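Read through the structure below, which is laid out as structure tokens, and then see the notes.
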2 protein chains.
Amino acid sequence: MRRRRGADGKSTIKDVARAAKVAVGTVSRVVNAHPSVDPATRQRVERVIARLGYEPNAIAQSMRTRVTRTVGFVVPDISNPNWAWILGAASRILQPRGYTVVVASTGGERALELDVLGVFARRRPDALILALDSGDDGVLARALRQLRMPIVMMERELPGPWDAVMTDHAGGAYTATRHLLGLGHRRIALITASERVRPGAQRVQGYTRAFADEQLPVEPDLLRCGSFDPDFAFRETSSLLSRRDPPTAIVAGGIQLLAGVLRAAGLHGAAIPSALSVVSCGDTDLAQLASPPVTVARWDVKAIGVAAAEAVLRRLRGAASAAPARVVLESELVVRESCAPPCARRPGRCQARIQSP
Amino acid sequence: MRRRRGADGKSTIKDVARAAKVAVGTVSRVVNAHPSVDPATRQRVERVIARLGYEPNAIAQSMRTRVTRTVGFVVPDISNPNWAWILGAASRILQPRGYTVVVASTGGERALELDVLGVFARRRPDALILALDSGDDGVLARALRQLRMPIVMMERELPGPWDAVMTDHAGGAYTATRHLLGLGHRRIALITASERVRPGAQRVQGYTRAFADEQLPVEPDLLRCGSFDPDFAFRETSSLLSRRDPPTAIVAGGIQLLAGVLRAAGLHGAAIPSALSVVSCGDTDLAQLASPPVTVARWDVKAIGVAAAEAVLRRLRGAASAAPARVVLESELVVRESCAPPCARRPGRCQARIQSP
DNA sequence: CACCGGGATGGAAACGTTTCCATTGACAAC
DNA sequence: GTTGTCAATGGAAACGTTTCCATCCCGGTG
């Protein structure tokens with residue numbers, strides 16, 4: 001074997017330079033398509049590169065240029081289809097531009113969030129896309145500022161000079177609640193994430209506003225804020241349906257929650273929509289294919305990922321110090337067959353049912 | 001401002017050394033918990049580190065140590081819940097061990113797969129976890145070998161010295177098909193991925209074996225191999241149900257395919273299970289909550305991610321040159337209510353229906 | 001008292017690039 | 001023929017670490 005190699009068996013720019021009888025600087029210029037290199041030299045170097053299977057070491061490049069062509073993506077749980085869709089959409093934009101996406105999950109726990117920020121402080125990605133759960137006491141904001149890189153927040157608002165892309169979840173919950181109020185429901189439950197995170201807070205706000213519009217009081221026990229876990233929705237639905245005066249309608253305030261609601265409703269024998277009306281925030285196969293199909297407040301999930309990736313790219317090509325941008329995506333109500341006027345008599349015994357054609 | 005900083009505003013090991021009046025080597029020893037450093041010195045250095053908010057530059061560390069503490073994760077589509085679950089499971093193991101996961105999607109396209117391998121040749125992760133779609137003509141295998149890093153294949157088999165973790169999809173399809181054959185079905189369709197990828201090929205094989213066991217012939221037109229896209233399942237189901245002699249049962253050979261099958265069946269007015277029996281490979285909320293609930297061949301999706309991550313860790317701590325390991329996870333049939341004996345008369349007009357209690 | 005062993009530390013090389021600066025020719029303009 | 005310009009190239013510094021080697025000093029031992 002006549003070619004030298006690094007310890008890991010890959011040839012370096014020096015090996016190429018030696019074999020092509022040029023200086024390393026020249027090889028670098030060839031690799032980076034610098035204009036001032038003689039065509040003959042270029043060809044000779046390129047041949048050697050091909051022969052040796054030389055690949056520039058991105059680590060060394062980053063070391064020198066202080067650019068990693070890497071974007072960090074931080075969410076509570078990457079298994080969650082919501083975040084997976086967003087990641088997919090973002091990476092579909094970033095990857096063709098030469099950026100590589102580095103993921104990290106936080107489980108929504110503050111300690112892990114800080115850990116992850118530490119990791120990214122050391123790894124130096126060019127930008128960060130994140131959805132943080134723990135509220136801000138200043139520590140988080142300081143850590144973010146220390147990062148000194150473009151940051152885009154998803155579905156969250158934190159005071160600071162950061163771009164943000166989010167959905168109008170308040171609007172979604174508002175429309176959903178109005179829809180139910182319009183049908184005559186009064187005991188409407190809302191199951192959603194903790195009020196500490198924006199989607200939860202926003203949905204409570206939309207729900208409350210809908211009641212306020214009708215001058216109706218909100219019953220606090222019908223507000224079940226906790227998590228986006230379907231099991232949470234299952235437990236809360238069970239608990240709600242066990243009340244002496246169970247709600248006549250439930251708003252499932254999160255993409256994954258509908259499954260829990262449906263499971264519990266099935267177990268309690270609450271027929272939909274005759275005994276219980278259901279609206280889901282977030283459209284899914286399940287909502288479309290359940291029987292009856294479920295009315296939803298839907299929005300374009302992937303658009304969050306697209307907008308986040310575009311915001312990152314905008315910052316990365318120059319607009320580093322522009323004022324923080326804020327994108328809010330709308331939510332739209334899709335009426336299907338899971339809602340009906342409330343049953344006048346004891347809920348659960350009501351048999352009137354709206355049948356689809 | 002009296003502390004020097006790098007161009008990106010972060011302090012370096014030199015800044016710390018200067019401020020603590022020690023050599024950079026000593027700071028390095030403090031950071032890496034090297035035993036031979038005087039407690040007093042250590043404390044002094046640590047104080048300076050805290051004061052300056054110094055974070056070691058991972059790029060420089062990697063440059064020097066040739067270790068990135070990074071694992072590449074390559075799949076056809078990271079939006080796909082299947083891969084998202086696997087990624088989540090893997091990262092839940094890797095992240096606490098200090099490894100960061102770098103993702104890339106290939107769209108199942110060969111050109112992109114080669115691109116992605118090129119990216120990882122340059123970025124030098126410590127290991128790779130991947131699901132490649134394009135068959136091997138030797139080019140791919142050579143590219144992988146050139147990478148000179150531990151590689152774990154998911155749900156794929158490629159000849160070479162690589163660990164592999166996969167599911168016994170043949171077994172799943174076999175059990176599903178036997179279940180339907182046992183109920184008396186003969187015209188059973190299988191919709192699944194292209195035979196070029198392992199899960200598709202395996203399911204065809206399991207299906208075929210089930211027919212062979214009963215000495216029954218397989219009708220080729222009932223085998224619809226193409227993709228894991230629900231729209232594909234929708235089109236194929238529509239096409240199948242439009243036949244003069246439509247199948248009396250369908251096996252949906254992929255986690256995402258059930259939605260397409262159900263949608264098409266609904267549109268064609270094919271009642272389940274009276275007119276059409278359905279089995280899905282892969283359990284989901286939809287399968288559990290559809291009415292009727294769908295019989296499935298299920299396996300532990302996350303286990304693939306866990307096994308892959310563990311295989312990576314095993315290689316990374318020493319067992320670099322052990323013989324390639326091969327893990328096969330079993331599949332199990334869960335009988336629900338989507339299957340019934342086939343209707344004797346013209347399918348689609350059959351009204352007999354098995355009702356669950 | 002000379003010597004030795006060893007812990008603590010400083011100094012410098014090396015990792016693989018990019019980029020600045022200097023040098024060399026070639027060629028045009030005077 | 002001298003001078004100036006410009007393209008092509010070589011050489012070396014620098015990026016921020018880790019780690020090897022040498023040095024220093026301390027205390028114990030013979």
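Treat the numbers as computed from the prediction; the structure is a model and nothing was measured. Each chain gets a letter, A, B and so on, in the order its sequence line appears, and its residues count up from 1.
- Here the P atom of nucleotide dG11(C) and the NZ atom of K14(B) are 13 Å apart, to the nearest Å.
- Going from atom CZ of R124(A) over to atom P of dG16(D) covers 8 Å, rounded to whole Å.
- The CD1-C1' distance, from I59(A) to dT18(C), rounds to 16 Å in whole Å.
- The nearest whole Å value for the distance from the CZ atom in R69(B) to the P atom in dT18(D) is 13 Å.
- Comparing A23(B) and A60(B) by the nucleotide of DNA chain C whose heavy atom lies nearest to each, the residue mapping closer to the 5' end is A23(B).
- Using a 4.5 Å cut-off on side-chain heavy atoms (C-beta onward), D126(B) and R315(B) make no contact.
- Mapping P39(A) and G25(A) onto DNA chain D via the closest heavy atom, the residue that lands nearer the 5' end is P39(A).
- Checking side-chain atoms of T26(A) against main-chain N and O of V22(A) turns up no donor-acceptor pair under 3.5 Å.
- Contact check, T41(B) against dT9(C): a side-chain N or O comes under 4.0 Å of OP1 or OP2.
- As rounded to whole Å, 13 Å separates atom P of dG27(D) from atom CG of D38(B).
- If you take CG of N57(A) and P of dC15(D), they are 19 Å apart, rounded to a whole angstrom.
- Looking at R29(B), its side chain has no donor and acceptor atom pair within 3.5 Å of the base of dA8(C).
- Taking only distance into account, the side chain of R64(A) never meets the base of dT17(C) through a donor-acceptor pair shorter than 3.5 Å.
- Between the CZ atom of R42(A) and the P atom of dA8(D) there is a distance of 9 Å, rounded to whole Å.
- Between S28(A) and dT18(C) there is a side-chain N or O to OP1 or OP2 distance below 4.0 Å.
- Of the two residues contacting DNA chain C, namely V22(B) and M63(B), the nearest-nucleotide position lying further toward the 5' end is that of V22(B).
- In this structure, Q61(B) does not reach the dG16(D) phosphate: none of its side-chain N or O atoms is under 4.0 Å from OP1 or OP2.
- Under 3.5 Å, the side chains of T100(A) and R123(B) contain a donor-acceptor pair of N or O atoms.
- The residue T26(B) sits close only to the backbone: its heavy atoms come under 4.0 Å of sugar-phosphate atoms, none of a base.
- Between Y54(B) and K10(B) the shortest side-chain heavy-atom distance does not fall below 4.5 Å.
- Nucleic acid contact class of S36(A) (heavy atoms, under 4.0 Å, all strands): base.
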Inset, instruction - Apply salt bridge (Lys or Arg N to Asp or Glu O under 4.0 Å) to D133(B) and R156(B), showing your working. - result: CA-CA 8 Å; D133(B) 266 4; R156(B) 303 290 186 270; 2.6 Å; yes
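- In this structure, NZ of K10(A) is placed 13 Å from C1' of dG16(C), rounded to the nearest angstrom.
- Listed pair N32(A) / dT18(C) meets the phosphate criterion, a side-chain N or O lying under 4.0 Å from OP1 or OP2.
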